[in-house]
Every structure is written in C-alpha cells, then in structure tokens.
Number of protein chains: 4
Amino acid sequence: MTADDKRRRILEAAVRVFAAQGYDASRVGDVAKEAGVAYGLVYHYYESKEAVLEAVFREAWGRLLAAVALAEETGANAAEQLELVVKIVLRAWRDDPDLVRLLVREVTRNPHIQDELDEIGQAFASLERMVSRGQADGTFRAELDPKLAAWMLYGALEEVLTGWVLGQLPDDASAVSAAERELTATMVGGMRT
Amino acid sequence: MTADDKRRRILEAAVRVFAAQGYDASRVGDVAKEAGVAYGLVYHYYESKEAVLEAVFREAWGRLLAAVALAEETGANAAEQLELVVKIVLRAWRDDPDLVRLLVREVTRNPHIQDELDEIGQAFASLERMVSRGQADGTFRAELDPKLAAWMLYGALEEVLTGWVLGQLPDDASAVSAAERELTATMVGGMRT
Amino acid sequence: MTADDKRRRILEAAVRVFAAQGYDASRVGDVAKEAGVAYGLVYHYYESKEAVLEAVFREAWGRLLAAVALAEETGANAAEQLELVVKIVLRAWRDDPDLVRLLVREVTRNPHIQDELDEIGQAFASLERMVSRGQADGTFRAELDPKLAAWMLYGALEEVLTGWVLGQLPDDASAVSAAERELTATMVGGMRT
Amino acid sequence: MTADDKRRRILEAAVRVFAAQGYDASRVGDVAKEAGVAYGLVYHYYESKEAVLEAVFREAWGRLLAAVALAEETGANAAEQLELVVKIVLRAWRDDPDLVRLLVREVTRNPHIQDELDEIGQAFASLERMVSRGQADGTFRAELDPKLAAWMLYGALEEVLTGWVLGQLPDDASAVSAAERELTATMVGGMRT
DNA sequence: GATGAATGAGATTTCATTCAT
DNA sequence: AATGAATGAAATCTCATTCAT
C-alpha cells in the first residue's frame with residue numbers, strides 16, 4: 001500500500017466517524033481505529049484534528065464545485081442549469097450519504113472553516129450567475145436579487161438533505177426523485193416571471 | 001434582585017455566549033462571567049450545561065411556535081398564513097439576532113436536543129397544515145408533498161438568516177423587507193398551481 | 001486551609017519535585033501528588049507547568065536579591081560586602097538545598113526564563129556596584145572590569161554549590177565554613193591591589 | 001561521501017541544534033534535517049538521541065582534556081599551567097562557540113551523562129594536581145583545598161563563557177584577551193600566598 | 001547504507017461537575 | 001441562595017524509536 005493510500009484511508013475514515021458522531025464528539029483515536037492505522041499516523045499526515053476536517057471539506061466542496069461548474073457549462077438555459085444543480089446535490093446524498101451528513105452538520109457550525117474555503121463562495125457565485133442569466137433572458141423575475149435567490153435555493157436543498165440525514169423525510173428512491181421534481185418545480189418555478 | 005432574575009440573566013447570557021462561540025466551544029465559566037454571577041450558581045439553577053441550552057431552546061421555540069400558531073389563526077388563507085410565517089421568522093432576526101444565530105447553528109444539528117423538543121415538530125406540523133389547506137382550496141399544486149414543502153420553506157428561511165448571521169447577505173432594514181417580499185414571492189409563488 | 005496555603009503547597013512541592021528529577025523529567029502529576037492536591041488544581045493556580053517554574057524562580061531570586069541588598073547596606077566596605085554575599089549564597093544551600101539545586105540546574109538551561117526575571121540582573125548589578133566601590137577606595141585593582149568580576153564571583157559560587165548538589169564536594173558543616181573562608185580569600189583576595 | 005563523513009555531519013549538526021535549542025527541546029528530526037540526512041540515518045549511526053549527546057561530549061571533552069594535559073606538560077610551574085588552562089578554555093569559545101554553549105548548558109546538569117564520562121573527572125583531577133603542585137612549591141596558600149580550588153576556577157571560567165553565550169558580556173577580541181588576563185590575575189592571584 | 005512511514009506510550013492541558021463553606 | 005476552590009476523567013498532541021523497503 002502506498003503512502004497516499006493511507007492518507008486517503010484516514011480521510012475516508014474521518015468522513016465516516018465525523019458523520020456518525022459529529023466532529024466534536026469524535027476522538028482522533030476513533031478515526032485512526034476506523035482507518036486501521038496507528039494513532040500517531042493521523043498526525044503524520046495532518047497537523048491537527050481540525051486539519052482533518054478541513055481536508056474533508058476542501059475535497060467535498062471541490063467535487064461539488066466541479067459538478068456545479070459542469071452544470072453551468074452543460075445546461076442549455078438558466079432553468080435547466082439550476083435543475084441540474086438540484087439533481088447533482090440531491091444525488092450526492094445517494095452516492096455518499098456520510099459525506100453529505102458531515103457537510104450538513106458541520107459547515108454551519110464551524111464559521112472559521114468557511115473563511116478558509118473559497119470553494120464555497122465559488123459555488124454560490126456560480127448559482128448567482130445562473131439566476132442572473134435567467135433574468136437577462138426574461139425567464140426569471142427581474143426584481144429577484146440573484147444572491148438572495150442563490151442562498152434560498154441552497155437552503156431549501158440543504159434542508160431536504162437534513163431531513164434525510166435526520167430520518168425525518170423519506171429517502172427511498174421514489175421519494176428522492178419526487179423531491180428532485182418538486183424542488184425544481186417550486187424553487188425554479190418560483191423564480192419565473 | 002430576585003432569584004428568578006438571576007435565573008433569567010443566566011439564560012440570556014447563555015444565548016449571547018453560545019451564539020458568539022458555539023455551544024461546544026463555550027465554557028460554563030464564560031456563561032457565568034457574562035451573566036455576572038458566580039461559577040457555581042449556574043449549577044444551582046440548571047442541572048448541566050446542556051440543560052441550559054435546552055432551556056434556551058424551549059423558550060425560544062415556545063415563542064416562535066406561539067407566533068406561528070397566531071399566523072395560522074390570523075391568516076385569511078394558506079398563502080397569507082405562510083407569508084405571515086416568513087415575516088415572523090425574519091423579524092425575529094431583527095429583534096434578537098443572537099437567539100436566532102444560536103437556533104440556526106445548533107438546533108438541527110444537536111441530535112440530543114431534538115429528542116426532547118417536540119415543539120420543533122409542532123412548528124413543522126403547523127406549516128404542513130397550511131400547505132395542505134392551500135392544496136385543498138386549489139391554491140397550491142396538488143402533487144406537492146406538504147411535508148417536503150414545509151422543510152423547503154424552513155430551509156430557505158434558515159439559510160437567509162444564516163447569510164445574515166455570517167454577514168454574507170446585507171441585513172439593513174430595506175434588505176430585510178426586500179427579503180421578506182422575495183422569499184414569499186419565490187417560495188409561496190412556487191407552490192401555486 | 002486557605003486558598004493561598006494550597007498555592008504555596010504546590011509551589012513548595014514543585015521545588016522538591018523539580019529539584020529531585022529536573023524540570024523536564026518532572027510531570028505535573030508528580031507535583032500535584034507531592035503537594036497532596038488534585039491534578040487540576042495546579043492548573044487552577046498556574047497557567048502551565050512552565051509558569052510554575054517561573055513562579056519558583058521569581059520567589060527564590062526575590063529572596064536572594066533581598067539578602068544581597070541587605071549585604072550592600074550592612075557591609076562596612078566593599079570587601080566585607082562581598083564576603084557577606086558569599087556567606088548568604090552558600091548558606092542558602094544549608095537552608096534550602098532543594099531550591100538551590102533547582103536554581104543551579106535549571107537557570108542556565110531555560111534562557112527565556114532569564115529574560116523575564118530582571119531580579120537576576122539586579123543581583124548582578126549589586127555585585128558590580130560593590131566591586132566598583134572597592135576600586136574607588138583603592139581596595140581592588142583598578143584595571144578589573146566590575147561586570148566581569150561579578151560574573152566570575154557568581155560562577156565560582158554557583159560551581160561550589162553544584163559540587164555540593166552533585167555530591168562531588170563534601171558539604172558537611174566544617175566543609176561549608178571552610179568553603180566560605182576559602183572562596184572569600186581567593187575571590188575577594190584575588191581582586192585586591 | 002563516505003559513511004564516516006555522514007556520521008561526522010550528524011555529530012556536527014547535533015552540536016549546532018543542541019546548542020541552539022537545548023538538548024531536551026531538540027528533536028531527532030531537527031538534527032537529521034540540519035545534517036541533511038534522512039531521519040532514520042541518525043539511528044543507523046547512533047543508538048539513541050542520548051547516545052548522540054554522549055558522543056558530542058566524549059569528543060569535546062577529549063579535545064579539552066588533551067589541551068589540559070598539554071598545559072600540564074608544557075607549563076613551567078603551577079601558576080603558568082593554570083594560566084594556560086584559562087587560555088585554552090576561553091579560546092575554545094572563539095573556535096567553536098556552539099560546542100562551548102552546549103557543554104556549558106548541559107554537562108554539569110545532565111546526571112546521566114556524568115556517570116559515563118570520567119573524562120570530566122580527569123580534567124578536574126588535572127586541575128587539582130596543578131594546585132597541589134603550586135602549594136608544594138610554596139606558590140599557593142597551603143590551607144586552600146585543591147579540589148575546591150579546581151571547582152571554583154572551573155566555575156569562574158564557565159560563567160564567563162555563559163556570559164558570552166547569553167550575550168551579557170562583551171566577547172570581541174579585546175574583551176576576550178582582557179578576560180584572559182583578569183581571570184588569571186584574579187583566580188590564580190587569589191590562590192597565591 | 002539509506003530512507004521516511006509507522007507506531008504508541010506518555011505528556012500536557014481542558015473543563016464539566018461537585019462540594020465545603 | 002451564593003461562592004469559587006477542588007476534582008479527575010478524557011482529550012489532543014508529541015516524538016523517540018522501530019521497521020519494511
């Protein structure tokens with residue numbers, strides 16, 4: 001096994017452990033045990049417990065950002081682009097629920113994480129651009145503030161994920177595709193002229 | 001100063017401290033110092049640090065719930081009721097931003113809290129009833145799941161508050177009223193047939 | 001027992017433990033156990049392990065400084081003043097060998113301790129003044145640099161203490177008074193014209 | 001580069017690192033990095049971190065001891081021999097201040113080291129013999145204990161070095177030769193009848 | 001010989017909670 | 001009711017040493 005494999009194993013173990021117990025309640029030793037490595041190795045690869053969390057965030061948001069950027073390139077028009085974003089985000093839950101659970105739980109709680117991650121800002125900027133484009137071509141209401149719209153959309157998305165995370169909303173396959181449809185219909189529909 | 005005054009001062013200090021530093025990072029001593037009382041007095045009035053958080057939640061949600069219930073009684077129809085809820089929640093920010101900051105950061109994230117507070121569930125149930133009523137009278141789309149709609153609405157609201165909390169969205173008086181209008185237009189509008 | 005008693009007991013325990021094992025090899029728990037208090041109480045009174053060492057130094061040097069200042073006032077002439085200093089320092093060994101052992105072992109090793117303790121500088125300045133005075137009245141050689149002389153005297157004193165600390169020099173009562181005589185005869189004698 | 005070169009580079013790096021940070025605060029990795037070799041290589045050549053310190057001492061004292069032995073052979077009489085020793089020790093500072101800094105800081109303080117290094121004892125024995133010889137030929141006071149005299153001399157010397165190490169005493173060329181003269185005048189002069 | 005990843009015991013420090021006054 | 005000293009379990013982090021390659 002290469003050294004980078006170990007680094008990756010630690011990161012993936014951290015996602016599982018932090019997701020299951022929350023960041024604060026997780027001990028570094030839990031992460032090491034879950035990764036199947038010695039305690040000290042976590043500190044060989046990462047400066048501190050918080051640096052592990054940051055690395056998780058950085059990568060997760062990196063992936064999400066790539067997906068959103070793809071949506072921005074691929075989508076024919078603003079509405080379709082936003083629809084793609086909704087799909088991408090909601091399907092992330094299906095693909096890696098632990099990671100989503102972690103992001104949902106901790107991002108809001110660690111304010112200084114946010115300062116360091118401009119990937120978050122870039123994702124929001126991308127959403128804003130989509131809304132603006134929709135206003136330019138007359139699809140969306142002109143008086144809507146694109147920044148506010150981006151935050152509302154993100155909030156609705158995140159809360160549906162939270163509902164799934166907390167087991168308060170059904171998250172079987174059909175519920176997930178229904179949520180996709182209804183989120184698009186409501187949020188994108190609500191922006192239309 | 002009466003005993004109840006001290007109890008209240010501790011509670012209000014806790015709101016400020018938890019809001020500023022987050023619950024986990026706050027020490028009991030910080031709360032005591034902020035309240036201007038002796039360390040041990042916090043334990044005289046509350047069982048534990050977590051009991052303080054719980055008391056804060058209970059009271060805050062109580063107030064919010066009362067407001068939502070009032071909206072349900074007062075509003076002429078579903079759309080108007082939801083509009084009132086949006087107003088109430090967003091204005092809570094203006095009235096007590098620290099409390100809102102605390103709720104936003106901790107409520108959906110602290111699993112322990114949720115078990116004990118079915119008030120949260122009641123607020124969501126109230127929102128659900130409003131959506132259902134709107135579907136019954138043909139205002140809202142029939143295929144919309146009321147529960148999902150309630151979560152989306154709450155998420156959009158919460159995220160706008162978060163934007164204000166983090167200083168990422170403008171929160172002057174005119175921005176707040178614009179947000180009120182646009183949130184209603186988008187979310188309630190998006191639910192319409 | 002008053003709170004300050006406990007603080008003092010911790011300080012005195014620290015002197016014994018640091019003297020016996022050396023600062024680096026001593027654990028905070030050893031100090032607590034020696035003082036007969038709980039682990040955390042050390043941190044109730046002192047910021048850190050190093051702060052304890054600093055407090056010991058500050059007090060010990062304070063006492064020494066006071067003694068040297070007294071010698072400066074009391075002594076009839078420069079030679080007599082220096083003789084008094086030799087006596088004071090060597091007798092500190094008899095009175096509190098652990099404290100002397102600690103000072104001898106650690107002062108040179110913790111360079112940044114020295115920055116914080118200008119008491120050390122004051123003691124040296126006092127010695128310098130004595131030498132200068134002796135030069136002024138023709139007792140000591142004029143070409144001797146008073147600062148250098150102060151350092152030489154201190155070094156010879158400290159080394160005799162070290163010999164005692166390490167058990168390499170005899171330290172029974174008669175050896176101690178012989179050392180007093182010979183140190184004075186050699187060092188003060190060596191400065192004379 | 002030969003294997004012995006590497007061994008030597010590690011030793012010289014250790015002198016610099018231990019001198020700069022102190023032995024306890026120095027990490028094995030610091031020494032390896034300073035030497036420009038791999039972490040593990042330090043352990044290839046030396047049993048442990050302490051073995052490195054020991055090797056440094058052994059060599060340094062070996063050199064010093066040789067110099068003192070030379071002084072004992074070369075010097076015409078006791079006073080001249082001691083004068084030579086003073087010169088040798090003080091000039092070691094000019095030649096390798098890091099090494100001197102390290103010896104000054106650690107040698108008399110690390111109890112473990114002393115047991116293993118009887119070279120230290122030999123150097124002191126050599127000084128004692130010189131003093132005794134001086135007493136035998138009537139140069140030095142008969143009542144002076146040769147062992148105590150050796151320790152005093154060493155202490156005065158060491159302290160002047162310490163003053164230079166700490167930057168508290170001037171150590172330019174003229175100050176160094178003045179110190180040589182004055183140390184001899186005071187210490188050796190003080191022993192005379 | 002040379003490398004640096006891997007190990008884990010052990011240290012400091014934190015802080016919720018208890019308790020004597 | 002009110003105080004704040006006292007407790008000690010539990011966490012993070014360090015780093016000398018080992019070992020596979």
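These numbers were taken from a predicted model, which means no experiment stands behind them. Naming: A, B, ... by sequence-line order, numbering from 1 per chain.
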Kindly say whether [Y] contributes a backbone atom to a donor-acceptor pair with the side chain of [X] at under 3.5 angstrom?
{"X": "A:Glu106", "Y": "A:Tyr23", "result": "yes"}
{"X": "A:Lys6", "Y": "A:Leu41", "result": "no"}
{"X": "B:Arg9", "Y": "B:Ala35", "result": "yes"}

Between [N] atom [atom2] and [X] atom [atom1], what is the distance in whole Å?
{"X": "C:Leu53", "N": "E:dT12", "atom1": "CG", "atom2": "C1'", "result": "15 Å"}
{"X": "C:Tyr39", "N": "E:dT17", "atom1": "OH", "atom2": "C1'", "result": "19 Å"}
{"X": "A:Asp24", "N": "E:dA16", "atom1": "CG", "atom2": "P", "result": "12 Å"}
{"X": "A:Arg27", "N": "F:dT12", "atom1": "CZ", "atom2": "P", "result": "8 Å"}
{"X": "D:Lys33", "N": "F:dC15", "atom1": "NZ", "atom2": "C1'", "result": "14 Å"}
{"X": "C:Tyr46", "N": "F:dA6", "atom1": "OH", "atom2": "P", "result": "12 Å"}
{"X": "B:Glu50", "N": "E:dT17", "atom1": "CD", "atom2": "C1'", "result": "14 Å"}

Between D:Arg27 and D:Asp30, does any NZ, NE, NH1 or NH2 come within less than 4.0 Å of an OD or OE carboxylate oxygen? yes
Could you pull out all residues at least two apart from B:Glu59 that satisfy side-chain hydrogen bond (donor to acceptor under 3.5 Å, both in side chains)? B:Arg8
Intra- and inter-strand pairing of DNA chain F, written as dot-bracket with Watson-Crick and G-U pairs under 3.5 Å and | for the latter, reads .||||||||||||||||||||
Checking contacts here: which listed nucleotide ([options]) is nearest the side-chain heavy atoms of [X]?
{"X": "B:Val28", "options": "F:dC15, E:dA16, E:dG1", "value": "E:dA16"}
{"X": "C:Tyr43", "options": "F:dA2, E:dT12, E:dT7", "value": "E:dT12"}
{"X": "C:Leu41", "options": "F:dC13, E:dC15, F:dT7", "value": "F:dT7"}
{"X": "C:His44", "options": "E:dA2, F:dG8, F:dA6", "value": "F:dA6"}
{"X": "D:Tyr45", "options": "E:dG8, E:dA16, E:dG1", "value": "E:dG1"}
{"X": "C:Lys6", "options": "F:dA6, F:dT3, E:dC15", "value": "F:dA6"}
{"X": "D:Ser48", "options": "F:dT17, F:dA5, E:dT12", "value": "F:dT17"}
{"X": "A:Ala38", "options": "F:dT3, F:dT12, E:dG8", "value": "E:dG8"}

Looking at side-chain heavy atoms only, is the closest gap between A:Leu99 and A:Arg63 below 4.5 Å? yes
On DNA chain F, check which nucleotide each of A:Gly29 and D:Ala25 is closest to and give me the residue with the more 5' one. A:Gly29
Nearest nucleotide by nearest heavy atom, which residue falls closer to the 5' end of DNA chain F, B:Gly36 or D:Lys49? B:Gly36
Check the pair D:Val28, D:Tyr43 against side-chain contact (heavy atoms from CB on, under 4.5 Å), reporting the backbone distance first and the verdict last. CA-CA 9 Å; D:Val28 174; D:Tyr43 282 90; 3.6 Å; yes
Mind running side-chain contact (heavy atoms from CB on, under 4.5 Å) on B:Tyr46 and B:Arg7 for me, showing each step along the way? CA-CA 9 Å; B:Tyr46 298 94; B:Arg7 180 184 270 273; 3.4 Å; yes
Closest to the 5' end of DNA chain E, once D:Val37 and C:Glu47 are matched to their nearest nucleotides, is D:Val37
